[in-house]
Amino acid sequence: MSERFELVATPLTGLHVLKRKPLGDERGYLERMFCADELAQFGWQQPISQINRTLTVKKGTFRGLHMQRPPSAEMKLITCLKGEVWDVAVDVRKDSPTFLQWHAVILSAENKCSYLLPEGFAHGFQTLTDEVEMMYCHSQPYMPTHELGLNILDEKLRINLPLAISEISGKDRAFPMLDNEFSGVSV
């Protein structure tokens with residue numbers, strides 16, 4: 001049991017929503033964003049290798065679906081600091097019973113939730129408001145040679161975005177569609 005976090009399981013094994021429990025009084029509150037000791041019980045076993053922050057200006061923008069293959073596979077803790085996003089994770093673990101299934105949650109500053117992704121999940125989000133700020137904690141450094149991307153428009157994934165895509169990078173749009181030879185990643 002965690003004093004600062006409540007872990008909520010999703011239908012995909014290992015993928016969790018982390019509800020933060022702020023401590024507050026009339027002055028405001030203190031909200032723990034990461035704690036190695038407490039998150040270890042939820043599967044985070046490595047130190048944080050990188051912390052990244054993004055700003056996405058326009059509502060409807062899609063970023064993702066990104067991940068890294070072994071030996072650079074990474075856990076991610078994803079938090080919305082400002083605005084609201086529809087955050088999606090896709091299971092690409094080779095031997096998983098939920099291979100290529102996805103699960104999405106709403107993350108916002110107000111709901112005080114983060115998404116805790118284990119190794120073997122691709123991640124992306126669509127902004128539901130303008131001016132969205134996100135923070136990512138990564139267990140491994142970014143390695144371009146181990147990057148893997150799925151195309152959000154791939155019909156095999158059947159991901160139902162809440163909004164029409166207003167913006168997407170050329171890189172994300174160019175990720176290939178899955179073919180019959182894609183067998184996932186071993187983690």
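Predicted, not measured: the structure shown is a model, and the values here were computed from it. Along the sequence shown, the residues carry numbers beginning at 1.
Contact check for D91 versus W102: no side-chain heavy atoms found under the 4.5 Å cut-off. The closest side-chain heavy-atom distance from K19 to V8 is below 4.5 Å. Residues E131 and L55 meet the side-chain proximity criterion, which asks for heavy atoms closer than 4.5 Å. Using a 4.5 Å heavy-atom cutoff, the side chains of Y136 and L77 are not in contact. Residues T98 and T13 form no side-chain contact, since every pair of their non-hydrogen atoms from C-beta on lies 4.5 Å or further apart. When side chains are defined from C-beta on, L157 counts as touching L150, because their heavy atoms get closer than 4.5 Å. Counting only heavy atoms from C-beta outward, the side chains of V88 and F62 approach each other to under 4.5 Å. For the pair K59 and S166, the minimum side-chain heavy-atom distance is 4.5 Å or more.
Remark: the backbone N or O of K58 is paired with a side-chain donor or acceptor of T61 at under 3.5 angstrom. Listed for the W44 side chain is no donor-acceptor partner under 3.5 Å among the backbone atoms of D37. Put simply, the side chain of Q45 gets close to the backbone of A40: a donor and an acceptor are under 3.5 Å apart. The backbone N or O of M135 sits nowhere less than 3.5 Å from a side-chain atom of N52 that would complete a donor-acceptor pair.
Side-chain polar atoms of R20 and S114 form a donor-acceptor pair below 3.5 angstrom. A donor atom on one side chain and an acceptor atom on the other are found under 3.5 Å apart for E74 and H138. Between the side chains of Y142 and E147, at least one donor N or O sits under 3.5 Å from an acceptor N or O. Side-chain contact of R63 with T56: a donor-acceptor pair under 3.5 Å is present, judged by distance alone. Side chain to side chain, Q46 and Q140 meet the donor-acceptor criterion of an N or O pair below 3.5 Å. In this model, a donor atom of one side chain and an acceptor atom of the other lie less than 3.5 Å apart for D172 and H66.
For L15 against H103, the heavy-atom pair with the smallest separation is CD2-CB, 3.9 Å.
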task: Please step through side-chain contact (heavy atoms from CB on, under 4.5 Å) for the pair L117 and M67, ending with a clear verdict.
output: CA-CA 10 Å; L117 281 71; M67 67 172 294; over 6 Å; no
task: I would like to know whether R93 and E119 meet salt bridge (Lys or Arg N to Asp or Glu O under 4.0 Å); could you show each step before the answer?
output: CA-CA 8 Å; R93 298 172 295 181; E119 295 176 2; over 6 Å; no
message: Test side-chain contact (heavy atoms from CB on, under 4.5 Å) on V187 and V185; report intermediate values, then the result.
response: CA-CA 6 Å; V187 290; V185 297; 4.2 Å; yes
message: Walk me through whether T127 and V57 qualify under side-chain contact (heavy atoms from CB on, under 4.5 Å).
response: CA-CA 9 Å; T127 55; V57 177; over 6 Å; no
Candidate pair Y115 and T79, rule side-chain contact (heavy atoms from CB on, under 4.5 Å), full reasoning: CA-CA 7 Å; Y115 220 1; T79 303; over 6 Å; no
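Other residues, nucleotides and ligands place more than 12 heavy atoms under 6.0 Å from the NZ atom of K112. Atom NZ of K94 is surrounded by 12 or fewer heavy atoms from other residues, nucleotides or ligands within 6.0 Å.
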Output side-chain donor-acceptor pairs under 3.5 Å for residues 80-87, partner residues at least two apart or in another chain, one line each.
unit_1 : atom_1 : unit_2 : atom_2 : d
D87    : OD1    : H123   : NE2    : 2.7
D87    : OD2    : H123   : NE2    : 3.1

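Salt-bridge formation is detected for the pair D25/R27: a Lys NZ or Arg NE/NH1/NH2 atom is positioned less than 4.0 Å from an Asp or Glu carboxylate oxygen. Between R53 and E133, at least one side-chain N (NZ, or NE/NH1/NH2) sits under 4.0 Å from a carboxylate O, which counts as a salt bridge.
Residue Y29 belongs to no hydrophobic cluster, having no ILVMFWY side-chain heavy atom closer than 4.5 Å to its own.
Residue M177 holds its CE atom at 5.5 Å from CG of D154, rounded to the nearest 0.5 Å.
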